[in-house]
Number of protein chains: 2
Amino acid sequence: MRVTIADVARLAGVSKATVSRVLNGRPDVDRATQARIEEIMAETGYVPSSRAVDLARGRTRTLGVLAPTLHTPWMPELLQGVADVVEPSGYGLLLHSAAGGAPALERFAANVRGHAVDGVLAVDPGVALEHLRDLHRDGLPVVVVDTGGSPAPLPSVGADYTDGGRRAAELMLAAGRLRLAMITGPEGDPAGAACAEGFADRLTGTGAVLRASHVTEADGTEQGGYDAVQRLMRARLFFDGLFAHGDPMAAGALRALQEAGRQVPGEVAVVGFGDVPPAAYTLPPLTTVRVPWSDMGAAAARALIGRLRGEPVAEEPMVFETSLVSRGSTPPVGRVPGQRNRRAARTAELPAF
Amino acid sequence: MRVTIADVARLAGVSKATVSRVLNGRPDVDRATQARIEEIMAETGYVPSSRAVDLARGRTRTLGVLAPTLHTPWMPELLQGVADVVEPSGYGLLLHSAAGGAPALERFAANVRGHAVDGVLAVDPGVALEHLRDLHRDGLPVVVVDTGGSPAPLPSVGADYTDGGRRAAELMLAAGRLRLAMITGPEGDPAGAACAEGFADRLTGTGAVLRASHVTEADGTEQGGYDAVQRLMRARLFFDGLFAHGDPMAAGALRALQEAGRQVPGEVAVVGFGDVPPAAYTLPPLTTVRVPWSDMGAAAARALIGRLRGEPVAEEPMVFETSLVSRGSTPPVGRVPGQRNRRAARTAELPAF
DNA sequence: CTGAAAGCGCTTACAG
DNA sequence: CTGAAAGCGCTTACAG
């Protein structure tokens with residue numbers, strides 16, 4: 001708190017108001033005066049106190065981000081998308097992890113009510129949703145990013161999970177897989193349900209079948225996916241295509257299949273969901289339904305900032321399209337609608353060795 | 001900015017000073033007065049303005065976190081560690097990603113100089129290091145988390161990368177591997193160098209050898225690791241143990257080995273570094289040198305907050321120990337110093353199927 | 001184009 | 001135990 005606007009004003013022989021004017025780039029200042037003031041600011045290394053500016057202006061230029069936990073596989077990508085638009089816009093990013101449970105939410109609420117942030121971007125708010133709706137009703141700009149497919153009663157961005165399931169089904173069909181299995185979950189995840197619905201829907205009327213017996217739920221983890229496949233195999237169920245709602249579960253499924261000596265994708269084609277870190281590291285690399293996490297984060301941030309600037313925000317949720325990323329866990333097939341091909345070319349030209 | 005301290009004071013028939021006293025839990029307030037004020041605060045839903053408090057107190061209770069990018073594999077874990085100590089301490093977390101290059105750093109600097117934060121926690125500051133040192137010299141509390149092994153001229157926390165390499169070597173020895181190879185990099189990464197040094201050091205005087213020809217550098221990515229192994233194999237070099245400085249590279253190595261039909265861990269034992277997301281998802285799951293990212297983040301945060309409370313901060317870097325996490329990419333061997341066994345038991349009792 | 005003054009909403013000695 | 005006043009460092013009408 002060294003040099004203040006008062007110091008600069010005194011040194012320049014003007015009033016604080018005039019310094020404030022050049023600080024804020026107002027045009028109604030004499031060229032010479034402005035130059036002199038700027039020079040003094042440079043000489044003294046003056047930097048306005050954001051605390052004081054915030055108080056005087058009644059806003060903070062800071063956005064609160066509420067995230068359930070920071071190590072969900074897709075969180076880094078989403079957060080980077082948010083940061084990429086928030087920071088260049090001159091806003092700060094105040095990060096709150098709700099991982100601490102009720103006390104953490106309490107602190108978040110206190111921060112918000114204390115006007116530490118101008119708006120809130122909430123990722124999968126869960127139990128905090130009700131609270132956010134109240135805040136929104138009371139005038140706080142709020143945008144939620146919904147990775148769970150549960151439509152929020154607030155401006156929100158999400159993805160078309162049903163269509164994601166549909167794309168997975170189309171790939172199975174294109175690969176000629178007729179006896180399908182699916183790992184859903186975690187329990188109560190609406191995105192999982194939407195996804196499963198899309199998958200099943202697209203299958204009806206085709207030659208392929210997805211029996212209820214072949215649908216099993218897991219907890220979203222690698223181990224969960226592993227155990228799920230073990231259950232299917234213990235029950236002596238046959239399947240030549242497996243769709244897992246979540247790449248970690250798909251990774252676990254690959255492990256179980258490999259241990260059982262079942263060839264992927266030869267005997268079983270495996271498709272995951274999310275295109276998050278595990279996907280590119282499995283063996284074979286995982287074909288998956290890509291959700292544009294970073295785009296979603298960026299869109300939410302843009303909507304929030306727009307709202308702060310007084311622009312209207314769409315009331316209906318912004319829904320992003322998913323796409324298919326083809327890697328090694330499904331056989332190479334002709335182009336499937338919405339499919340992206342990654343690394344396919346490069347893999348094809350590998351030396352036999 | 002609805003109800004202010006003045007409103008509460010008026011309603012309670014006291015001065016703002018008295019309200020401020022109960023707000024800050026000072027003992028020198030009449031019980032009855034305090035009760036009345038608290039009641040009114042509750043009724044009116046009064047919440048102090050953090051902007052005003054910050055200005056009046058001359059601090060923000062906010063910590064700036066400067067991170068190079070948010071999607072480095074270990075960043076989420078580190079950040080969660082930071083958040084887990086910062087938030088319960090009542091501090092906010094202002095996140096800055098330096099991914100935007102110079103302009104991003106410029107905004108960071110402006111925020112800091114504008115006193116938007118009370119202290120800074122910088123992760124691998126790189127080019128910003130010099131600037132941070134200046135700030136630190138000028139009195140700003142700074143702690144750096146160094147994942148690269150480059151000792152910062154500032155209070156810092158890091159890990160013992162040399163010892164990490166040593167642990168990897170010990171595991172190779174315990175597994176009886178005598179012809180070793182290593183993938184280093186990315187270029188110019190001091191941690192990589194430290195790691196390689198520890199690995200080579202531990203090998204000298206044993207029967208095992210790591211020839212210069214068997215050391216190859218890659219860029220840290222999965223594809224980089226894949227390409228590196230291809231290079232080794234094209235050169236017709238034999239090795240029965242491979243250490244990669246970085247789990248993503250190790251994952252790529254596994255892919256290349258598998259394509260070439262080389263059994264892991266039977267013919268080649270593979271050890272990675274970091275224990276970051278790819279590690280648990282590869283096939284076989286990756287044995288790796290664990291770096292305690294979350295502990296490191298937490299320690300840095302604690303040191304910074306301690307510093308803000310006036311506690312002295314150690315000038316020497318806080319160095320964390322690494323440990324070995326045994327998974328499937330190395331053969332089961334007797335206990336190696338510093339080794340943790342994960343999932344080993346569970347894997348062993350899998351049904352043959 | 002510029003200044004004096006009030007205001008943003010708290011905290012903190014200083015008196016009593 | 002409590003209040004009046006000054007202060008934190010800006011911004012913003014209001015005059016001129």
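We name chains A, B, ... by the order of the sequence lines, and we start the count at 1 in each one. The figures that follow rest on heavy atoms only: side chains count, while hydrogens, waters and symmetry mates do not. This one's a predicted model, so the numbers in the text were calculated from it and none came from an experiment.
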TODO: State the CD1-CG distance between B:Ile40 and B:Leu11, to the nearest 0.5 angstrom.
DONE: 5.0 Å

TODO: Sort out for me which residue in B:Leu121, B:Val145, B:Leu304 forms a side chain to side chain contact (heavy atoms under 4.5 Å, CB included) with B:Val82.
DONE: B:Leu121

Open item on the list: Below the 4.0 Å mark, does C:dG3 have OP1 or OP2 next to a side-chain nitrogen or oxygen of A:Thr18?
Closed with: yes

TODO: Would you give a per-nucleotide map of nucleotides 10-16 of chain D, 5' to 3', where B means the base has a protein non-hydrogen atom under 4.0 Å away, S means only the sugar-phosphate does, and - means neither?
DONE: BSBB---

Task: Other residues, nucleotides, ligands: >12 heavy atoms within 6.0 Å of B:Arg113 CZ - done: no

Open item on the list: Applying a 4.0 Å non-hydrogen cut-off, can you work out what A:Asp28 is touching in the nucleic acid: base, sugar-phosphate, or nothing?
Closed with: base

What side-chain donor-acceptor pairs closer than 3.5 Å can you find for residues 127-140 of chain B, not counting sequence neighbours?
from, atom 1, to, atom 2, distance (Å)
B:Asp134, OD1, B:Arg137, NH2, 2.8

Task: Dot-bracket encoding per residue of DNA chain D, Watson-Crick/G-U cut-off under 3.5 Å, | denoting interstrand - done: |||.||||||||.|||

Task: Check: A:Arg51 side chain, B:Gly58 main-chain N or O, donor-acceptor pair, under 3.5 Å - done: yes

- [ ] Taking all heavy atoms of A:Val117 and all of A:Leu63, pick out the closest pair and write down the distance.
- [x] CG1-C, 4.0 Å

Open item on the list: Measure CZ/A:Arg31 against P/C:dT2 and give the value in whole Å, please.
Closed with: 12 Å

TODO: Starting from C1' on D:dC8, measure out to CG on B:Leu55 and report it in whole angstrom.
DONE: 4 Å

- [ ] From the options B:Val65, B:Thr62, B:Val120, select the one residue that forms a side chain to side chain contact (heavy atoms under 4.5 Å, CB included) with B:Leu94.
- [x] B:Thr62

Open item on the list: Nearest whole Å is fine: how far is D:dG9 P from B:Arg113 CZ?
Closed with: 15 Å

TODO: Using the side chain to side chain contact (heavy atoms under 4.5 Å, CB included) rule, pick out the option among B:Ile37, B:Asn24, B:Thr4 that qualifies with B:Val19.
DONE: B:Ile37

- [ ] Could you check how far CZ of B:Arg59 sits from P of D:dG9, rounded to whole Å?
- [x] 15 Å

